[in-house]
Amino acid sequence: MDMYSVWEFPRFLILLCGLVMIAKADLKERIIPNQMIMVLLAIRSILLLQECILSSDTWTHIVLPAVWGTLSGGGFFLICREISRGGVGAGDVKLFATIGYYLGGRVWNSILCSLFLASVWSLCLFLRGKGRWEKKIPLAPFVLAGTALAMLLETGGQDEIFYFLLYR
């Protein structure tokens, strides 16, 4: 197991645990708590510092992906927020910036999976007559599911997914 894999598992686990709590809050209160975002950012900063100190890689190979992920994940949703005139909440912008801090450039896999799942859900609601085009849905539960799916697919879990879908 290389050094990158050693740091990856706890980072994924911490992120998913945080996303579970954020998704619960978004479902219940329709808000993404800033306190949870701050805790996730603090934990990632500590992990990032440890990686820089203990890893054989140069700090640029460790820090630059985190910075790129933060800027691209948060930046994309900031643009979406501006285009949608507030349809995308500020909490969603901060959430994807945080996910980018954890995943680096792989935040795009999380974004694509999350938006795909949210789109399928919205389409199902609309087709069943329970949704309207202007109706807002909490995004954090789909971010949790999409990020977990992206992580599973990235770490070679697609075989388990296909087995479950085909043989269950």
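For the single chain, residues carry numbers from 1 onward in sequence order.
Follow the hydrophobic side-chain contacts under 4.5 Å out from I31 and you never reach L139; the two are in separate clusters. Placement of L41 and L64 in two distinct hydrophobic clusters is found when ILVMFWY residues are connected by side-chain heavy-atom separations under 4.5 Å, directly or transitively. Residues L95 and I79 do not share a hydrophobic cluster, clusters being chains of Ile/Leu/Val/Met/Phe/Trp/Tyr side chains in contact below 4.5 Å. Using a 4.5 Å cut-off between side-chain heavy atoms of Ile, Leu, Val, Met, Phe, Trp and Tyr, with links allowed through other members, V20 and M36 fall into the same hydrophobic cluster. Residue V93 is not grouped with residue L112 when hydrophobic side chains (ILVMFWY) are merged at heavy-atom distances under 4.5 angstrom, including chains of intermediate members.
To the nearest 0.5 Å, atom CD of residue Q35 and atom CD1 of residue I22 are 10.5 Å apart. Atom-to-atom distance recorded for I62:CD1 and L47:CG is 11.5 Å, nearest 0.5 angstrom. Within the model, atoms NZ of K94 and CD1 of I32 stand 8.5 Å from one another, a figure rounded to the nearest 0.5 Å. M151 contributes atom CE, which lies 10.5 Å from atom CG of N109 (distance to the nearest 0.5 angstrom). Atom OG of residue S122 and atom CZ of residue F142 lie 6.5 Å apart, to the nearest 0.5 angstrom. A distance of 9.0 Å separates CG in L40 from CD1 in I99, rounded to the nearest 0.5 Å.
A donor-acceptor pair shorter than 3.5 Å can be found between the side chains of Y101 and S45.
Nearest approach of S72 to V107, heavy atoms of both residues: OG-CG1, 3.8 Å. Heavy-atom minimum distance, S110 versus T147: OG-OG1, 2.6 Å. R44 approaches A66 most closely through the heavy-atom pair NH2-CB, 4.3 Å. A pairwise comparison of heavy atoms in L117 and G146 identifies CD1-N, 3.6 Å as the closest pair. Minimum interatomic distance between P138 and R30 (heavy atoms only, all atoms of both residues): CD-NH1, 2.8 Å. Between I137 and A118, the shortest heavy-atom contact is CD1-O, 4.0 Å.
Classified by interplanar angle (parallel below 30°, tilted 30° to 60°, perpendicular above 60°), the ring pair F76/W108 is perpendicular.
Between E8 and R106 there is a salt bridge, since at least one side-chain N of the basic residue sits less than 4.0 Å from a carboxylate O of the acidic one.
The side-chain contact (heavy atoms from CB on, under 4.5 Å) test with T98 is passed by exactly one of T70, I37, L19, L103: I37.
Of the possible polar contacts, one joining the D26 side chain to the A140 backbone as a donor-acceptor pair under 3.5 Å is found.
A 4.5 Å side-chain heavy-atom check between L149 and F116 finds every atom pair outside the cut-off.
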